[in-house]
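For the numbers below, each heavy atom of this structure counts, side chains included, while hydrogens, waters and symmetry mates do not. In this text the structure is predicted, and so the values were computed from the model without any measurement. Whatever order the structure lists ligands and atoms in, that order sets their numbers, starting from 1.
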Amino acid sequence: MLEVEDIECRYGSVNVLHKVSLQVKQGEFVTLIGANGAGKSTTLKAISGLLPPISGRITFLGEDITNASPRRILEMGIAHCPEGRKIFPYMTVQENLEIGCYRRTDWKQMADDMDAVFDRFPVLGERRNQAGGTLSGGEQQMLAIGRALMSRPKLVLFDEPSLGLAPNNVQKTFDYIMEINGQGTTVLMVEQNAYAALEMCDRSYLLETGHVTLHGSSEELIQNPHVRHAYLGVEGEDEAA
Ligand code: ATP
């Protein structure tokens with residue numbers, strides 16, 4: 001479904017992705033794990049067209065989207081739920097959700113989709129006429145997820161969906177993402193919490209200073225001594241390996 005081949009991205013004169021390649025198959029749940037600054041968010045920005053790569057190629061459903069606009073990429077079915085929520089603070093909850101489906105004209109289904117978001121996160125329904133910026137951090141995260149889903153995406157890019165959430169909301173958010181995937185939406189998720197990410201996904205890629213250093217099934221990565229030592233906090237296994 002998605003093929004990222006040898007992409008390089010740069011901010012100014014600094015290369016932060018070095019020939020990153022990854023694949024996501026239809027229906028899969030794939031995660032990208034790694035430390036702060038490894039390039040995970042940058043990889044998602046490259047896919048959604050926010051930061052086109054300087055070299056390499058990205059294809060989605062057989063079409064080359066390497067230099068496509070974010071609008072075109074959204075129209076093709078890729079929604080990006082960015083880190084730090086990035087909702088529109090002066091727009092109401094409902095308007096924020098409407099922004100997520102601004103290209104759609106199937107009004108009835110859009111209303112049903114909005115109801116589905118309110119069913120899942122009732123607090124958003126209660127505050128549908130309230131400015132997005134007045135919501136708590138966790139509620140804004142729910143709104144950002146809801147907004148991404150309002151475009152009925154084929155593939156959703158989640159960037160650190162658990163960031164800044166209270167523990168009960170973290171689980172609720174992860175459960176929701178797994179449910180979405182179970183219903184057929186393909187997911188590529190960046191997550192600092194490597195353990196949670198590996199527990200949820202089918203396959204994962206480890207990104208270290210802009211390089212993919214490891215990839216495999218979640219089970220393979222959970223068992224990998226380097227991942228266990230450096231990312232899962234299991235002591236002493238690197239040395240034993
Ligand atoms: P984090 O979890 O901390 O967001 P990450 O793996 O998602 O980490 P990126 O945000 O992709 O990492 O950042 C990769 C590198 O690019 C880092 O060194 C970061 O400092 C740098 N970087 C990110 N955004 C910018 C920007 N707008 N301008 C300049 N450098 C940037």
Side-chain angles (χ1 to χ4, degrees), residues 2-24 29-58 60 65-70 73 78-88 137-138 140-141 144-145 147-148 155-167 169-170 173-174 177 186-201 203-216 218 221-222 224 226-233:
L2 177 77
E3 287 260 357
V4 174
E5 296 167 73
D6 291 335
I7 60 163
E8 305 207 295
C9 281
R10 113 182 347 172
Y11 294 106
S13 59
V14 182
N15 262 29
V16 296
L17 295 185
H18 308 280
K19 294 195 174 293
V20 166
S21 295
L22 62 89
Q23 293 176 348
V24 182
F29 191 143
V30 175
T31 56
L32 208 48
I33 60 172
N36 277 328
K40 305 181 299 297
S41 300
T42 304
T43 304
L44 296 191
K45 285 181 196 165
I47 296 167
S48 63
L50 296 175
L51 184 72
I54 53 162
S55 64
R57 202 161 85 111
I58 305 175
F60 180 62
I65 58 164
T66 317
N67 291 298
S69 67
I73 291 169
I78 300 180
H80 188 167
C81 185
E83 184 182 354
R85 306 181 269 271
K86 301 209 170 54
I87 55 124
F88 296 99
Q140 289 186 29
Q141 184 64 277
I145 293 173
R147 183 183 58 188
L155 167 68
V156 190
L157 311 175
F158 286 107
D159 196 347
E160 303 270 7
S162 73
L163 195 75
L165 296 187
N169 281 332
V170 170
T173 302
F174 285 157
I177 294 173
T186 309
V187 173
L188 175 60
M189 182 176 85
V190 159
E191 182 52 58
Q192 280 264 340
N193 182 340
Y195 188 72
L198 292 174
E199 287 270 286
M200 291 164 74
C201 70
R203 290 189 304 115
S204 189
Y205 291 81
L206 173 63
L207 206 54
E208 297 183 299
T209 55
H211 300 264
V212 172
T213 53
L214 204 60
H215 65 97
S218 59
L221 265 75
I222 286 173
N224 181 280
H226 173 57
V227 172
R228 290 175 74 78
H229 177 68
Y231 299 97
L232 302 180

Side-chain donor-acceptor pairs under 3.5 Å in residues 45-58, sequence neighbours left out?
residue, atom, partner, partner atom, Å
Ser48, OG, Leu44, O, 3.3
Ser48, OG, His80, ND1, 2.7
Ser55, OG, Glu8, OE1, 3.3

If you round to the nearest 0.5 Å, how far is CG of Leu207 from OG1 of Thr43?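 CG of Leu207 is found 5.0 Å from OG1 of Thr43.
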
From Arg228 CZ over to Ile222 CD1, what is the distance, rounded to the nearest 0.5 angstrom?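 Interatomic distance, Arg228 CZ to Ile222 CD1, rounded to 0.5 Å: 8.5 Å.
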
Please output the side-chain donor-acceptor pairs of residues 11-18 that fall under 3.5 Å, not counting sequence neighbours, one pair per line with the distance.
residue, atom, partner, partner atom, Å
Tyr11, OH, Thr42, OG1, 2.9
Asn15, OD1, Arg10, NE, 2.9
Asn15, OD1, Arg10, NH2, 3.2

The criterion is side chain to side chain contact (heavy atoms under 4.5 Å, CB included); which residues satisfy it with Glu208, sequence neighbours excluded?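 Glu208 satisfies side chain to side chain contact (heavy atoms under 4.5 Å, CB included) with Leu206, Thr213, His226, Tyr231 only.
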
Could you walk me through whether Ser204 and Ser218 pass the side-chain contact (heavy atoms from CB on, under 4.5 Å) check? CA-CA 6 Å; Ser204 189; Ser218 59; 5.6 Å; no

Within the 4.0 Å heavy-atom sphere of ligand 1, strictly under, residues: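 Its neighbours under 4.0 Å (heavy atoms only) are Tyr11, Val16, Ala35, Asn36, Gly37, Ala38, Gly39, Lys40, Ser41, Thr42, Glu83, Glu160, Gln192, given by chain and number.
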
